[in-house]
There are 2 protein chains.
Amino acid sequence: MTNRTPNRKAQIVRAATDLFSRHGFDRVTIKELAQACDITEPAVYRHFKSKDDIYDAVLDSMAERMKSRDLFDSLTESDDVEVVLHKMATHVIDFFTRNEDMHRLLLYSALHKHAKASKVYEIMRGSFVKFLHDQLDRLYGQKMIVKKNNEITARCFVGMVFECALGRTLWKGMQGKTYKPADVIANNVPIYARGLKR
Amino acid sequence: MTNRTPNRKAQIVRAATDLFSRHGFDRVTIKELAQACDITEPAVYRHFKSKDDIYDAVLDSMAERMKSRDLFDSLTESDDVEVVLHKMATHVIDFFTRNEDMHRLLLYSALHKHAKASKVYEIMRGSFVKFLHDQLDRLYGQKMIVKKNNEITARCFVGMVFECALGRTLWKGMQGKTYKPADVIANNVPIYARGLKR
DNA sequence: GTCACCTTAGTTAATGCTCACTAACTTACA
DNA sequence: TGTAAGTTAGTGAGCATTAACTAAGGTGAC
């Protein structure tokens, strides 16, 4: 027997996350996954009863990864909508730059209508939308922004930021010139903020 | 032999487009595809030399579908940026509501880094971005909008609209309340337009 | 301490299914 | 009568999963 690794199960989930996000569930074989962990195929089945089971574990682990980075620490409650939008956009893009795989897994799971896709969506986007929605409600209460449907506004803004993050991963190299995220934010957040300010 | 259909090749491409967009290339078998066309598997190979070949043809056919609907007929050149944005958003969402499959195929092809993904991206998004970019340049020339990087602005706005369209297909049922596209547009376009107007 | 024994995590080898693709044959029609 | 477009019946590769076996290490009796 080769070396017995302390947390093999977690190692498999990490390797599967990487492989599934890069090639998609269907194009990753148990053999590849096992090799990435320096074990043989059947050893994988000591820890998971099926390939689908591994997918489940991968999607579950995303919840942990989101939770552990206490999301909204950096998102201070400012009275300036531009500051709120700017912090949120920076935070989201920064997060996805360092966790490209999560965005891809979200798309894969949604396209395949995986049973956990809704949960993943909720974890990854719902929390941002809810946060911004609350902030907009607060700012409206303080008469800082105009009257709008704040849920729609929040969804659209978060959608735009997610799209922008995708530009750096999924659409990379397809869009002609590549702009720095900071420049994109500096260009667009003021437009949106100006449109919202009272 | 069963009935000899006049344009079997086109029929296969249509059926493949439908199946690939709904389940993804890897989860569609030639058998399913053949059945959808009321023929047997080997008959498919009279028209295409491989499954990959069919994928190629599907992606190529998207270009045709975009071209044939002369994209920008409805997009009149207004002097009001709000009108321009409104028409574009309506047009895009309307288009994807009726051609959900194309949006899914774009995502699949990009995720799988298909050789034709860039082309598909260019056809589907690039043309919108370019149009809006030109319009923004024109409006800036007419001193109707403030100074911005119009390419970034165009990309972001199109991204937001595409995201919104995805909400009605990919994220359907994951977002809690479902809003009518018209309501989303009515809420958001004025924000963006107000932020841009001089 | 050490020895029997159980559990856990690994191995090699095989199994059986699915699926893309092919061979060989057939028929409609220009 | 040749060709294009079908058919039925394979074939072989790939892949998830299992069978059978093995070794490492912890535990409790002595």
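In what follows, chains are A, B, ... by sequence order, proteins preceding strands, each numbered from 1.
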For the pair made of [atom1] in [X] and [atom2] in [N], what is the distance, rounded to whole Å?
| X | N | atom1 | atom2 | result |
| --- | --- | --- | --- | --- |
| B/Arg46 | C/dC25 | CZ | P | 13 Å |
| B/Lys31 | C/dC17 | NZ | P | 14 Å |
| A/Asp26 | D/dA16 | CG | C1' | 13 Å |
| A/Arg27 | D/dC15 | CZ | P | 12 Å |
| A/Lys9 | C/dT8 | NZ | C1' | 13 Å |
| B/Ile30 | C/dA20 | CD1 | P | 5 Å |
| B/Tyr45 | D/dG6 | OH | P | 15 Å |
| B/Ile39 | D/dT8 | CD1 | C1' | 15 Å |

Between [N] and [X], is there an OP1 or OP2 to side-chain N/O distance shorter than 4.0 Å?
| X | N | answer |
| --- | --- | --- |
| B/Thr40 | D/dT7 | yes |
| B/Arg8 | D/dG6 | yes |
| B/His47 | D/dA4 | no |

Less than 4.5 Å apart, any side-chain heavy atom of B/Arg138 and any of B/Asp79? yes
Min side-chain heavy-atom separation B/Gln135-B/Ser78 under 4.5 Å: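 A side-chain contact under 4.5 Å is absent here.
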Go through the side-chain N and O atoms of A/Tyr192 and B/Asn188 and say whether any donor and acceptor fall under 3.5 Å apart. yes
When you compare the side chains of A/Arg8 and A/Gln11, does any donor N or O come within less than 3.5 Å of an acceptor on the partner? yes
Candidate nucleotides C/dA20, D/dA9, C/dG10, ranked by approach to the side chain of B/Pro42 - the nearest: D/dA9
Name the closest nucleotide to the A/Ser50 side chain, picking from C/dT11, D/dG6, D/dT17. D/dT17
Name the nucleic acid region contacted by B/Val28, choosing base, sugar-phosphate or nothing; use a 4.0 angstrom heavy-atom cut-off, strictly under. sugar-phosphate
Between B/Lys197 and B/Glu82, does any side-chain N to carboxylate O distance fall below 4.0 Å? yes
